[in-house]
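Start at 1 with the first residue, then count along the sequence. Please read all numbers here as calculations on a predicted model, not as lab measurements.
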Amino acid sequence: LLARIVAPGVADRLKRSVVVENRAGANGEIAAASVAKAQPDGSVFMLASNGSTTVAPALNPNLSYDVRIDFAAVAPVGINPMLAVVRPDLPAKNVTELLAMARERPGKLNGASAGAGGATHLALELFKSLGRVDIVHVPYKGGGPMLIDLMGGQIQVAFDNLPSSINHIRAGKIRALAVTTAKRWPGAPDIPTMAEAGVPGYESGAWFGMLAPANTPRPIVDMLQKHVTAILKLPEVEKMFLEQGAEPVGGTPEQFAQVIASEMQKWAKVAAATGVKLD
């Protein structure tokens with residue numbers, strides 16, 4: 001969705017058509033593998049998520065690509081908060097009370113994610129690690145089935161992307177305890193951050209950024225970065241991002257490369273500390 005917001009502006013500035021191809025599957029790894037093998041001539045680039053670039057390497061040592069050497073960073077594009085949500089009748093009314101409940105009942109609470117090895121899974125594992133609680137991970141094949149079970153009472157807590165949860169929260173079908181990003185989300189400023197709510201140092205947004213195949217000439221990278229960053233500053237683009245539950249970011253290739261390197265270290269530590277791995 002974010003790619004389709006940015007693509008028309010890129011096409012206008014480059015005076016050429018830009019085709020958005022959605023290659024779904026394996027938390028974005030299929031798309032990343034295809035772009036890693038593409039010609040570095042500026043004709044192919046990718047709107048990557050942290051799922052395929054920094055989470056996947058922490059859980060899968062046998063990836064067909066290496067983010068550090070197979071891609072050139074172009075620009076950060078946006079960040080999508082995730083939410084810690086609970087069933088409406090859960091006695092825990094906030095994060096502090098949820099932590100207390102989990103400590104009183106170790107291994108008895110079920111915490112769900114939208115898929116094993118994805119961003120929501122690692123968000124839950126980071127919560128368990130920093131909060132020092134034992135919550136059983138229940139992976140689902142997508143956020144939809146997970147939310148149905150949460151609303152139905154089969155699970156107690158879940159981590160989900162904000163866009164798919166926010167309408168259920170507003171309807172009172174589930175209750176939001178915290179956003180996972182470092183800042184509150186402008187579209188729901190009443191929901192505290194996880195750090196504010198009782199887990200200091202917690203940050204786990206789903207971010208997206210532009211990558212090109214390695215060895216793409218720097219003038220092409222710089223030109224694309226300039227156009228993307230300019231597009232992200234447009235008020236109408238910011239409005240469309242917020243409607244999708246995301247915030248536009250923008251920045252330099254160096255800034256984006258630093259984010260990737262930092263996140264790879266972070267998730268590698270979380271995976272090592274928790275023992276989480278893909279079956």
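The side-chain heavy atoms of Pro106 and Val133, taken from C-beta on, include no pair separated by under 4.5 Å. At least one side-chain heavy atom of Val10 sits less than 4.5 Å from a side-chain heavy atom of Leu224. Between Pro139 and His137 the shortest side-chain heavy-atom distance falls below 4.5 Å. Gln156 places none of its side-chain heavy atoms less than 4.5 Å from the side chain of Lys108. Residues Val85 and Val157 are not in side-chain contact: their nearest non-hydrogen atoms beyond the backbone lie 4.5 Å or more apart.
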Practice problem: Give the C-alpha distance, both sets of side-chain angles, the deciding distance and a yes or no for side chain to side chain contact (heavy atoms under 4.5 Å, CB included) between Asn167 and Lys173. | Solution: CA-CA 9 Å; Asn167 288 334; Lys173 296 179 180 179; over 6 Å; no
Quiz item: Does the pair Gln154 and Arg87 meet the rule for a side chain to side chain contact (heavy atoms under 4.5 Å, CB included), with working shown?
Solution: CA-CA 9 Å; Gln154 284 86 353; Arg87 48 193 262 194; over 6 Å; no
Exercise. Would you sort out whether Thr180 and Phe159 count as a side chain to side chain contact (heavy atoms under 4.5 Å, CB included), showing the intermediate values?
Key: CA-CA 9 Å; Thr180 62; Phe159 280 74; 4.1 Å; yes
Practice problem: Before giving the answer on side chain to side chain contact (heavy atoms under 4.5 Å, CB included), spell out for Leu162 and Met82 the whole-Å C-alpha distance, their side-chain angles and the decisive distance to 0.1 Å. | Solution: CA-CA 5 Å; Leu162 187 146; Met82 290 179 281; over 6 Å; no
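How far OG1 of Thr252 is from CD of Gln258: 8.5 Å, rounded to the nearest 0.5 Å. The line from CG of Asp12 to CD1 of Ile231 is 8.0 Å long, rounded to the nearest 0.5 Å. Between the CD1 atom of Ile260 and the OG1 atom of Thr53 there is a distance of 5.5 Å, given to the nearest 0.5 Å. Residue Trp185 holds its CH2 atom at 6.5 Å from CG of Leu242, rounded to the nearest 0.5 Å. Distance check, rounded to the nearest 0.5 Å: CG of Leu98 to CG of Leu109 gives 6.5 Å. Ile174 CD1 to Leu90 CG: the interatomic distance, rounded to the nearest 0.5 Å, is 12.5 Å.
Put simply, the residue from Asp160, Thr120, Asp149 that forms a side chain to side chain donor-acceptor pair (under 3.5 Å) with Tyr140 is Asp149.
Ion pairing between Arg218 and Asp222 holds under the 4.0 Å rule for side-chain N and carboxylate O. Under the 4.0 Å criterion applied to side-chain N and carboxylate O atoms, Lys128 and Glu125 are assigned as salt-bridge partners.
For the residue pair Arg13 and Ala230, the shortest heavy atom distance occurs at NE-CB, 4.3 Å. Residue Glu29 comes nearest to Ala56 through the heavy atom pair OE2-CB, 3.5 Å, listed as atom of the first residue, atom of the second, then distance. Across every non-hydrogen atom of Phe256 and Ala73, the tightest pair is CD2-CB, 3.8 Å. Taking each heavy atom of Gly131 and Arg103 in turn, the nearest pair found is O-NH2, 2.6 Å. The nearest pair of heavy atoms linking Ala112 to Ile155 is CB-CD1, 3.4 Å. Between Leu232 and Pro76, the shortest heavy-atom contact is CD1-O, 3.9 Å.
Hydrophobic clustering keeps Leu126 apart from Met264 (ILVMFWY residues linked when any side-chain heavy atoms are closer than 4.5 Å, directly or through intermediates). No continuous path of hydrophobic side-chain contacts links Val35 to Leu47 [ILVMFWY only; heavy atoms under 4.5 Å]. Hydrophobic clustering of Ile, Leu, Val, Met, Phe, Trp and Tyr side chains at less than 4.5 Å, counting indirect connections, keeps Leu177 apart from Ile191. Grouping the Ile, Leu, Val, Met, Phe, Trp and Tyr side chains by contacts below 4.5 angstrom, directly or via other members, places Val228 apart from Met46. Linking Ile, Leu, Val, Met, Phe, Trp and Tyr whenever their side-chain heavy atoms come within less than 4.5 Å puts Leu124 and Val86 in one cluster.
Pairs engaging residues 64-81 under the side-chain hydrogen bond (donor to acceptor under 3.5 Å, both in side chains) rule: Asp66-Arg68 [sequence neighbours left out].
A donor-acceptor distance shorter than 3.5 angstrom exists from the side chain of Ser34 to the backbone of Ala31, with no hydrogens or angles considered. Using modelled atom types, no side-chain atom of Arg23 and backbone atom of Ile30 make a donor-acceptor pair closer than 3.5 Å. A distance-only check finds a donor-acceptor pair linking the side chain of Arg175 to the backbone of Pro88 [under 3.5 Å]. Put simply, the side chain of Gln244 never gets that close to the backbone of Phe241: no donor and acceptor are under 3.5 Å apart. The backbone N or O of Ser164 lies less than 3.5 Å from no partner atom in the side chain of Asn161, so there is not a single donor-acceptor pair.
Side-chain contact check for Asn50 and Thr54: no donor-acceptor pair (N or O, by modelled atom type) lies under 3.5 Å. Looking only at atom types and distance, the side chain of Gln225 has a donor-acceptor partner in the side chain of Thr229 under 3.5 Å away.
Within 6.0 Å of atom CG in Asn215, 12 or fewer heavy atoms from other residues, nucleotides or ligands are found, so the atom counts as exposed in its surroundings. Shown here is Lys266, whose NZ atom has more than 12 heavy atoms of other residues, nucleotides or ligands within 6.0 Å. When the shell of 6.0 Å around CD of Gln39 is examined, it contains 12 or fewer heavy atoms from other residues, nucleotides or ligands. Residue Lys93 places its NZ atom among more than 12 non-hydrogen atoms of other residues, nucleotides or ligands, all under 6.0 Å distant. Residue-environment remark: CG (Leu1) stays at or below the threshold of 12 foreign heavy atoms within 6.0 Å.
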In a table with atom names and distances, give each donor-acceptor pair under 3.5 Å that connects a side chain of residues 194-212 to protein atoms at least two apart or in another chain.
| unit_1 | atom_1 | unit_2 | atom_2 | d |
| --- | --- | --- | --- | --- |
| Glu196 | OE1 | Arg184 | NE | 2.9 |
| Glu196 | OE1 | Arg184 | NH2 | 3.3 |
| Glu196 | OE1 | Thr193 | N | 2.9 |
| Glu196 | OE1 | Thr193 | OG1 | 3.4 |
| Tyr202 | OH | Ala123 | O | 2.6 |
| Trp207 | NE1 | Glu263 | OE1 | 3.1 |

